[in-house]
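Working notes for the structure below.
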Amino acid sequence: MVSNSAARAAGNTPQRSVAELQQRIYQCLDLGQLLSVLAAELGAVLPVTDRVSIALLEPDGEWLRVYRLLPLPPEDQRGTLPRVRVEGTPVGQVVRDGVGRVVADTRTDPNITFGQASHDGIRSTVSVPIRVDGRVVGAMNAGSRTPAACDAAMLRQLAEVASVVGPAVLAADQTARRAPAALVADRDSDRPAGLVGDSSSFRSLLAAARRAARSNADVLITGETGVGKTALARAMHGWSPRSGAPFVTVHLADLTPTLIESELFGHERGAFTGASSGRIGRFESAQGGTIFLDEVSETPLPIQSKLLRVIQDRSFERVGSGRTMQADVRIIAATSRDLRAAIRRGEFREDLFYRLNVVPLSVPPLRDRPEDLELLVDSILAGIRGVDGSPRRLAPQAWQRLRAHGWPGNIRELESVLRRSAILEEGPELMLEGFPDPAQGHSDPATSGAAVTESDGWPCLEEHERRYILRVLELRGGVIEGTDGAAQLLGLHPSTLRSLMKRLGISAQTARQKGRQ
């Protein structure tokens, strides 16, 4: 058997090691755990490891934010990401051109400044672009303190590792920014974070979920967007006998139809154009644990038949392979759509629905459990700080507005409202300025269906939305993503914010210029 070091010396990355690394990655629950795993595992699959980093492209296209993978920084510094410019930097050139690059000696390369060359004593580097859905989203860089240690033969090695590590870091980075930050554990010490409420309907749901978690039956969680379906699925995994094994999430709505089969079941090398290496799928990564199929209604019909087989027989094949593999997994699916209506339209298989719907759980919308509103507000505000870092609480006058609102966006909307107010309002008490006030006769469009117009003495809903998004972008200098980005402060996924900006005619560049004034 060829050792890892011998394989690297021969110019071949050991495929088994890359596959094992990928399986470890899929078992990570958050960004911090992922970075720790990479720090421990990357040395076995990379040709040089004196410094390894990933640079992700910022939305403005001018900057890259950097994650240091090796050596891993102290835990209290991992959230502080340095930034480098795309223009005028070697890694920026890789991202801009989409082509790998080798620097034999940083001190003699005319494209590298003295400051860049002296960084950590690195003398030679190899960098490759990171692609997701055919788009360059960043670059992976490995360096050595020895001149000429890096060569062109290493480009393929690093590219194979980057194809696994890059998308994983990007996904974990995006998940960390879009995850609701304020849904903390409530008074029950054994209740997981994200599940807050004392209403009878919510407690009945949790009781049923606990009972179902002890079995191995498949579960279908239904409910509107923003009610907490993912939190419930993760809680059920934690309550189950499989809690010590991986909890693997697949956001089916985020995947293009051509990638779903490979993502779920994996593929062999050469299975399709661009498959330069084999890859394990999510079912394989979840062995012994739980796989959570979020928005299962978005599964294309051809994949639904293969998913049905996994549910019935607990077996599958990688794309391009004839070898049958067993899937020792517990399946939890979730959807915000009416699957019965989708069946009538021919968009969802009826047999798949009944296979998934062994244990149905329906998460009630926020408007149906108003008695939980106070607990939720307290929990959300506990995790929110204003622009100046000060804590926030809700003013007594604002409670009437909250209780009268219909909350079509549920808990996610509630958090966004409170977060926006914490940004835009000064002082420790939030008045929710700009939020519809029933005492002044401003009806709630979510409940009444009536549009609010400028002629009522109040900006229309779209204009009000445009103003506060623009204000937040100005406060954040036009930055959309990242720990200091507008998306995190608004409680929105970056892609959702960009879609809103496009619809409302908001330019990040304009916001950046206004923010400097």
Side-chain angles (χ1 to χ4, degrees), residues 178-188 191-209 220-236 294-295 334-338 360-384 392-422 430-432 434-439 442-450 452 461 464-465 468 489-493 496 500:
R178 73 182 178 184
L183 300 185
V184 297
D186 72 351
R187 291 175 289 195
D188 295 343
R191 186 177 297 183
L195 301 178
V196 176
D198 277 331
S199 61
S200 58
S201 62
F202 197 67
R203 287 193 173 275
S204 295
L205 170 68
L206 293 186
L220 179 61
I221 303 175
T222 58
E224 298 175 5
T225 299
V227 294
K229 297 186 291 295
T230 301
L232 182 61
R234 190 178 291 278
M236 292 185 67
D294 192 18
E295 293 301 341
T335 181
S336 58
R337 293 178 59 191
D338 183 347
L361 296 173
S362 179
V363 184
L366 181 54
R367 62 181 174 275
D368 289 349
R369 49 188 187 108
E371 58 267 51
D372 292 338
L373 187 61
E374 186 172 348
L375 276 175
L376 286 163
V377 169
D378 289 344
S379 296
I380 292 170
L381 289 180
I384 288 180
R392 294 292 192 260
R393 62 180 181 271
L394 201 62
Q397 305 94 304
W399 275 106
Q400 185 179 8
R401 297 176 178 178
L402 289 188
R403 293 191 177 103
H405 190 58
W407 299 114
N410 294 293
I411 299 171
R412 189 174 298 158
E413 181 188 5
L414 174 63
E415 183 176 11
S416 294
V417 167
L418 296 175
R419 189 175 293 276
R420 287 195 301 270
S421 296
L430 301 180
M431 300 295 295
L432 303 188
F435 198 67
D437 187 350
H442 299 302
S443 61
D444 183 358
T447 56
S448 69
V452 182
L461 184 61
H464 181 68
E465 189 176 32
Y468 77 67
L489 292 173
L490 288 167
L492 298 174
H493 189 282
T496 302
L500 282 171

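Below, each value reflects all heavy atoms present in this structure, side chains not excepted, and no hydrogens, waters or symmetry copies.
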- Can you name the residues that form a side chain to side chain donor-acceptor pair (under 3.5 Å) with D372, not counting sequence neighbours? S199, R369
- For E224, check side chain to side chain donor-acceptor pair (under 3.5 Å) against everything at least two apart and list the hits. R367, N410
- Could you tell me which residues satisfy side chain to side chain donor-acceptor pair (under 3.5 Å) with S336, sequence neighbours excluded, listed by chain and number? E295
- Task: Output the distance between atom CG (D294) and atom OG1 (T335), rounded to the nearest 0.5 Å.
- Result: 8.5 Å
- Query: Considering only heavy atoms from C-beta outward, does the side chain of M236 approach that of L361 to under 4.5 Å?
  - Reply: yes
- Query: Are any non-hydrogen side-chain atoms of L373 and L414 less than 4.5 angstrom apart?
  - Reply: yes
- Message: Taking the side chain as everything from C-beta on, heavy atoms only, tell me whether L366 gets closer than 4.5 Å to L376.
- Response: yes
- Heavy atoms only: give me the nearest E413-H405 pair and the separation to one decimal. OE2-NE2, 2.9 Å
- Query: Passes side-chain contact (heavy atoms from CB on, under 4.5 Å), F202 versus V196? Steps please.
  - Reply: CA-CA 9 Å; F202 197 67; V196 176; 5.8 Å; no
- Considering residues at least two apart in sequence or located in another chain, which fulfil the salt bridge (Lys or Arg N to Asp or Glu O under 4.0 Å) criterion with R403? none
- Query: Sequence neighbours excluded, which residues qualify as side chain to side chain contact (heavy atoms under 4.5 Å, CB included) partners of S204?
  - Reply: none
- Task: Measure the spacing between CG of L205 and OG of S200 and express it to the nearest 0.5 Å.
- Result: 11.5 Å
- One should read off an interatomic distance between I221 CD1 and L232 CG, to the nearest 0.5 angstrom, of 4.0 Å
- Message: Using the side chain to side chain contact (heavy atoms under 4.5 Å, CB included) criterion, which residues pair with R393? Sequence neighbours excluded.
- Response: P428, E429
- Message: Closer than 3.5 angstrom, by distance alone: can the side chain of K229 be matched with the main-chain N or O of G223 as a donor-acceptor pair?
- Response: yes
- Query: Sequence neighbours excluded, which residues qualify as side chain to side chain contact (heavy atoms under 4.5 Å, CB included) partners of D368?
  - Reply: P365
- Residues forming a side chain to side chain contact (heavy atoms under 4.5 Å, CB included) with A398, sequence neighbours excluded: L394, L432
